[in-house]
Every structure is written in C-alpha cells, then in structure tokens.
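Right, one structure below, let's go through it.
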Amino acid sequence: MRLSKYDQWYPSKMKCARAIALVCCVLLSLASPGWNSGQSSSGPRSAAAGAGNTTTDLQIQSSVLRIEFDRNLHSRVIALFSPNPKPLTPLSASETVAGIRRTWSDFTMASAHRETVSDAFGAGERLSLTGKSGDLRKNISITIYADFPSIAIFDVEYSNESASRLTIRGWTNNQYSLTSPPEARGPAFWSYQSGSYEKRPDWVLPLRPGFRQDNYLGMNASDYGGGTPVVDVWRKDAGLAVGHVDPGPRLISLRVSMPDARHVRLAVRSTRERTLEPGESFHTLRTFVSVHQGDYFRTLTEYRRLMMREGFHMASAPDSAYGPIWCAWGYGRSMKLKQVYDTLPTVKKMGFAWVTLDDGWQNNYGDWQVDPKKFPHGDADMKALVDRVHAEGFKAQLWWSPLSAVPDSQLLKEHSDFLLLNRDGSKRKISWWNSFYLCPADRGVVEYHKALVRKILVEWGFDGLKLDGQHMNAVPPCYNPAHHHKRPEDSVEALPDFFRELYETARSVKPDALVEFCPCGTAYSFFTMPHFNMSVASDPESSFQVRSKGKTLKALMGDNIPYFGDHVELSDGATDFASTVGVGGVVGTQFVLPELVKKHSKFDLTPEHRKIFDKWIGIYKDKMLSRGEYLGDLYDIGFDLPETHAIRKGGQMYYAFFARRWSGPIELRGLQDRTYHIVDYEHNRDLGSVHGPRAKISTQFDKHLLLEAQPE
C-alpha cells in the first residue's frame, strides 16, 4: 500500500525503529567520515562551513553531497565526490512561498535540530530548521538516507501565526542556479527535460541561452501532459537534479531556464492557490535535490531505486516480448484483411515473431467493435485472423486506445456519465482521435475497459495489447458531478490505478500477456510504468530520440522490461536498425508489400530494403542485446564524443558509437583487467586486441560503428 500523508511517511512513535536507525547511523559514521552524527543542536559550533554565516549546525551531508544553510535559511549545494568540495550553487533563497503582493524569501533562523530517522527509505539523518518572516513561520527538514547518499529530500511547512487570513499563490522548492566553467566550449550544459508537449521535443538536449521549459506535469495542450517528476542539468564535471518523491502524479512544474551563456536555473514550483487561516499550516510536496557525475542516467536510476522502497516495482515481461515485431500499420486505417494475410508469408520468412493489428480494425473509438466492412462475420472473422496468425507461428497483438470515445459512439449515447468534463461543463477533446476523454476515476469506466481486455485476450485470443495515445500519459482534472469526486484532481491521480487494473486483468486471464504502452511522443509518467511490460520509443522523430528514449526508459524501468525501438521507418533514413540494436532495444517494422498498395512510400519493402532488413533481423536475433545489461553510466550522452552506448551480455561487452562522421580515437570503458578481441560485428571486421579496464582504438566511420569485445 502506497501512503501519501506526510505523517504517514514519518511515524514519530516507532521507538524501536529509531533505536535501530541510531545504530545504523553510528555504523555509517564510522565508515563514512563525511556523515554528521545525529545530535540535537543548541547553538553554533566552532567549525565554519566556509561561506557567509553558515555553520556545521546548519548543514547536513553524506559522502556525496552537502547542503549548507545560512541564518536566513538560504541554502547551497556542495558536491563531495572529489577530494576538494565543489560548490555547485551559490547561497540563495531556495525555498520560498508567494502571496498576493509579496514573496517570502528570508526567514530568520529560530532553531535547529538534528536526529536519526528510519522509515520506508531506510535509516538516515534529518536536519530540521525553523525560521520566521513576520507572522509566517517556516519549518524545513532535510533528510539524507544511508542507502541514497546522492539525494537530499526536503519537506517544507509554512504556518500562519498572524491574526488574519493569508492567501498563498504558490511555492518554490529547490531553486538553484548553476554556473558554467569559464573555459567551456560548445554547449556548457546538457539537460533531461521530463514534460510532455504537442511538438514532442527531445527529452535530452544541449541548453542554449534563452531556453526555458516549465515541464508542467499537468496538461500542456488539450491532450498532452504528464511526465516523470525529475529534471536534470549537468556540466561536463558535475550535475544537479531536482524533483519530487510523492507517490503519484502531482500538478507541479519543474522549470529549467538558461537566462545567459553562463547560467542555468532550475526549480520545483506549484501555483496552487490556497488560504491559510490564523494558526493553519500547509506542507509542500516532498521534493529533492541530487548531485552526480556523468549524465542524467544515474539520477534516474537512483530515483527509481528510491521509489521502489515505496512499492513502485516494475512489471515482468514474458520471454516472447523480445521477439521482432511486424505491425500492419503501414497499410493504414484503410487496411484490408487480405493485405495482412498476403503479407504473413514474407513476415514469417524474414524471422519476425509478433504480428500487430493496428488502428483500423474497429468500428469507432469508444465502442471497440470490429468494423463490419472488414469483418463481415463479426467476432468470428477476428478469431479466424488470430487463429491464422497463430498457425503461422506468430504471437498476435492488438492496437487499442483506452479512455477515448467519439461523440457518436454507442458508448456515450448510453453512458454520457463516463465523460471527463472541464470546469465549465464542456467535454475534453482528444485531438488526434477526434474523440472525448473518459474519466479514469469513474468506476464504470474502469469496469468497461476491463471487460474489453478480457474480450480481446480471451474471446478473440490475442496474446498482447498495444495501448496507444498521447492522452494516456495524463488527464486533466474532472468536474463531472456524476462522478462525485472529492477533488477535481481525483482523475489526475487515478490514472496510474486505471492502468494497473487493466494490466492486472490482462495478466490474470493470460499470464504471459504482453502489454505495450505507447504514449505517442510524451515523456512517460513514472507512476504508470509499473503497469505495463513493454516500453516503446513512442513515435520517435529522429534516431537520436530512439537512442535517448532508450537510455531514459532503461534508467527508469531497468533491464527486465523490453524497450521497443518502434517501427524502423520512423528512424533516420527509415532503415536505422543500429540505433535500436545499439541501445538494447527490440526491433520492429511496419513495412508493406509494394504490390499490395496503390500509393508507394518509405514503408515499401523494396528489394534493397529487404536486404537491409534481413541483415539486421539476423544481427538482432544473433546478439539479442535486448536481453543484456545496459550500462548507461559509462558514457555521457552529451559530452562524450562520439555518442556511445554500452551493453554487457555474458562475458562480452558491446559498444555502439554514433556520429555523422568520425575519424580518431574511441574509448572502450567497462572492461575487466584482461585482453579482449574486438570485432565490428555488423561487417564482421577484425579490429585486433586491446587490454582493459580502459582501452582506446583509432578508427573512422560514418553514422555508426557497432563493436563486440570478446575476452581472450
């Protein structure tokens, strides 16, 4: 069970747990000299922290980072992963609250307290500070856990001690500014951006002066929104991330901006308005700051590991999930069954394992009955198609877009109460499908979709689902009075549980069911991730998106959930299998047979394409790097050139290098202290031997180079 109340996270009467925590922290202090022992603080200590009027009373640290405060409760972040502590941010008002006519930034410190704690995240140390600004009191606690030394978790409480009501317009936590080194050449910063937008921008990108992205985790367009509550900015030498650790979607922003060539700012912000009566208090979300070296991969893996302590465990995938996928989407919505049947022999001969029936099989969005023009005998024709797919040796997957219904659907005629409504009572439009949102918090909506899952997997016999649509990543608040929501945000927070029920239903009726989740270019919500067992590049707009999304999803979900690189036709040149293979993805295509279509396109399986496809399907099935361990922390996707990805599988190491054109040395990291034989496995070229743990070879290539390091 996942808890959300502040006082549920930190039980105060667990004396036994505190005793255990104290022992753990004492042991930790012996092993890690940088860890402060747990004591109550009654006044300044003699050792200065090195800036302003901060003291050791006003700091908390692990072996990796230190948070320092001054007497106005301004703070700064110090990185400790080198012999000399490295200040990453200046002292500033990192936690503030906004009213109608002013923002409270300076809080004169009144007290400080230090204690050992033990909760779901493990044993740790907490520094609690209290300050006052007029009649507003601020209590801030910072906790660092022994098992997560790179992360400091903040909880801030504001209390109205005046005799009159206060209107709060919002709050900001973990607001910091990073400065680039003066000698920086090229982009000074790279960043991971986790918001979802209609333009479907890169999730990973170099920052340029003038850049600003709010990464609002609510709706950023009618049907685009949501994301993972983490943003990361890094220099070549160090990086900083902020986010929140609440156990579900929250309507906050993770703003990143670059006002000039030397500085980047980031913060967690809420604009929710509230009223504080005299004596009343409110807590912000529990937010965090994290420091790291290398790129954002380490931040996301630590965030996943942290959230696993609160019950967020990823699903399990069947062995069949790693088979190459052919999808009938190349034939479009006007697909004819004869086209699918006539393509199956070629699909089989080329070695694909899955056949996906995509958009176009249904009568409409919402009713999800078979199209009588394509299936004149109704469900019997659909069952016959699945039987044929199985007879040819394939697994069968069906495309489906939950939570959408067209205005004239029978569903909405009979159940208009299923609709998600805006504040003014209007229906919320899903632009791509020309449909309306259904509310995931309504019980009738949930049961209707569970019945569809059972029909698809049991009655029709499909082996898997392809859930599709940018609207699945987030929903807006619902104001439908028929749903009796306690708060309009009930719909926002219910979305992960909606998909949990669909996933559990699928696995209950078919334990080895594959549930692919494709949120169409949006930056996946972490809270939905435990409820599907295949991620996907989700309509990538470039090969870089295939690779960077792969790195991101492997950090957030781990190696046990297959990552589908999506249809290769969406990559650069429509044939870039290397980007999927190189990051350990599952390959797929939506090719069509030219003789079966009237209008020709890049989806045509020409003789030239057939040779390319045959080669890469063979490479994929021979190496099966999708079953390997993706080593995302070996190379910085921004600052290491050429762009490099590494996978360990068995005793071998596999490297994928990407550049428009490269001539010079490349470095092989992650090797053991032994000799390896190096082969360009795409072209079967012998490149000689090297000795680990790090080795360099000189080479040249265009677009990509894929290497295997075999121990001698």
Within 6.0 Å of [atom1] in [X], more than 12 heavy atoms from elsewhere:
X	atom1	value
R101	CZ	no
R272	CZ	no
K455	NZ	yes
R265	CZ	no
N560	CG	no

Using a strict threshold of under 4.0 Å (side-chain N to carboxylate O), is an ion pair present between R298 and E302?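 Salt bridge absent between E302 and R298.
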Going by an N to O cut-off under 4.0 Å, is there a salt bridge joining K450 and E501?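 A salt bridge links K450 with E501.
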State the [atom1]-[atom2] distance between [X] and [Y], to the nearest 0.5 angstrom.
X	Y	atom1	atom2	answer
C518	L465	SG	CG	13.5 Å
T96	R269	OG1	CZ	7.5 Å
R547	T552	CZ	OG1	12.5 Å

Any idea which heavy atoms bring [X] and [Y] closest together, and the distance?
X	Y	result
N533	S316	ND2-O, 3.2 Å
S538	Y524	CB-OH, 4.3 Å
E277	N160	O-ND2, 3.4 Å
V230	T299	CG1-CG2, 3.8 Å
M557	M314	O-CG, 3.5 Å
A523	G195	CB-O, 3.5 Å

So R428 and D223, salt bridge (charged side-chain N to carboxylate O under 4.0 Å, His left out) or not? Walk me through it. CA-CA 8 Å; R428 186 62 170 237; D223 48 355; over 6 Å; no
If we ignore angles and hydrogens, is there a donor and acceptor under 3.5 Å between the side chains of [X] and [Y]?
X	Y	value
S159	E161	no
N220	E198	no
E95	N173	no
S94	S75	yes
D367	Q369	no
D106	H74	yes
Y145	D119	yes
W433	S401	yes
N174	T287	yes

Taking the six-membered ring of F282 as reference, does the cationic atom of R274 (NZ for Lys, CZ for Arg) lie under 6.0 Å from its centre and within 45° of its axis?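 Positive - R274 is close enough to the ring of F282 and near enough to its axis.
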State, with a plain yes or no, whether a side-chain heavy atom of [X] is found less than 4.5 Å away from one of [Y].
X	Y	answer
P402	L467	yes
R487	E493	yes
F121	L306	yes
F564	S535	no
S222	S431	no
W190	D295	no
L438	L412	yes
R102	S133	yes

Qualifying residue for ring-ring contact (aromatic ring centres under 6.0 Å, His included) with W361, from F462, W399, W460: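 Answer after filtering F462, W399, W460: W460.
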Determine whether W171 and L285 satisfy the following criterion, side-chain contact (heavy atoms from CB on, under 4.5 Å), listing intermediate values before the conclusion. CA-CA 10 Å; W171 54 263; L285 299 184; 3.9 Å; yes
Full working for side chain to side chain donor-acceptor pair (under 3.5 Å) between Y216 and R255: CA-CA 8 Å; Y216 178 54; R255 180 178 295 177; over 6 Å; no
Residues T356, W329; criterion side-chain contact (heavy atoms from CB on, under 4.5 Å); working and verdict: CA-CA 8 Å; T356 303; W329 180 235; over 6 Å; no
Can you check side chain to side chain donor-acceptor pair (under 3.5 Å) on N215 and Y197, steps first, answer last? CA-CA 9 Å; N215 295 294; Y197 296 89; 4.6 Å; no
Measure up the Y303 and F288 rings against each other and bin them: parallel (under 30°), tilted (30 to 60°), perpendicular (over 60°).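 The arrangement is parallel - the two ring planes meet at less than 30°.
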Classify the ring geometry of F532 against F517: parallel below 30°, tilted from 30° to 60°, perpendicular beyond 60°.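 If you compare the ring of F532 with that of F517, the planes turn out parallel.
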Would you check, one step at a time, whether the test side chain to side chain donor-acceptor pair (under 3.5 Å) holds for H292 with D232? CA-CA 10 Å; H292 62 93; D232 194 304; 2.9 Å; yes
Test ring pair (Phe, Tyr, Trp, His ring centres under 6.0 Å) on Y296 and W234; report intermediate values, then the result. CA-CA 8 Å; Y296 70 110; W234 70 95; 5.6 Å; yes
Verdict with reasoning, D359 to R333, per salt bridge (charged side-chain N to carboxylate O under 4.0 Å, His left out): CA-CA 6 Å; D359 188 4; R333 290 193 180 100; 2.7 Å; yes
For a side-chain contact (heavy atoms from CB on, under 4.5 Å) check, start with the C-alpha distance between T89 and L240, then their side-chain angles and the critical distance, and finish with the verdict. CA-CA 9 Å; T89 70; L240 194 70; 3.8 Å; yes
Test of ring centre spacing under 6.0 Å for [X] and [Y]:
X	Y	answer
H449	F498	yes
Y192	W203	no
F526	F312	yes

CA sep, side-chain torsions, deciding dist, call: D358, K466, salt bridge (charged side-chain N to carboxylate O under 4.0 Å, His left out): CA-CA 8 Å; D358 211 283; K466 176 183 177 180; 2.9 Å; yes
Stepwise, does the side chain to side chain donor-acceptor pair (under 3.5 Å) test hold for Y158 with N139? CA-CA 6 Å; Y158 295 99; N139 295 321; over 6 Å; no
How far apart are the C-alpha atoms of Y176 and V77, what are their side-chain angles, what is the distance that settles it, and do they pass the side-chain contact (heavy atoms from CB on, under 4.5 Å) test? CA-CA 9 Å; Y176 305 112; V77 182; 3.7 Å; yes
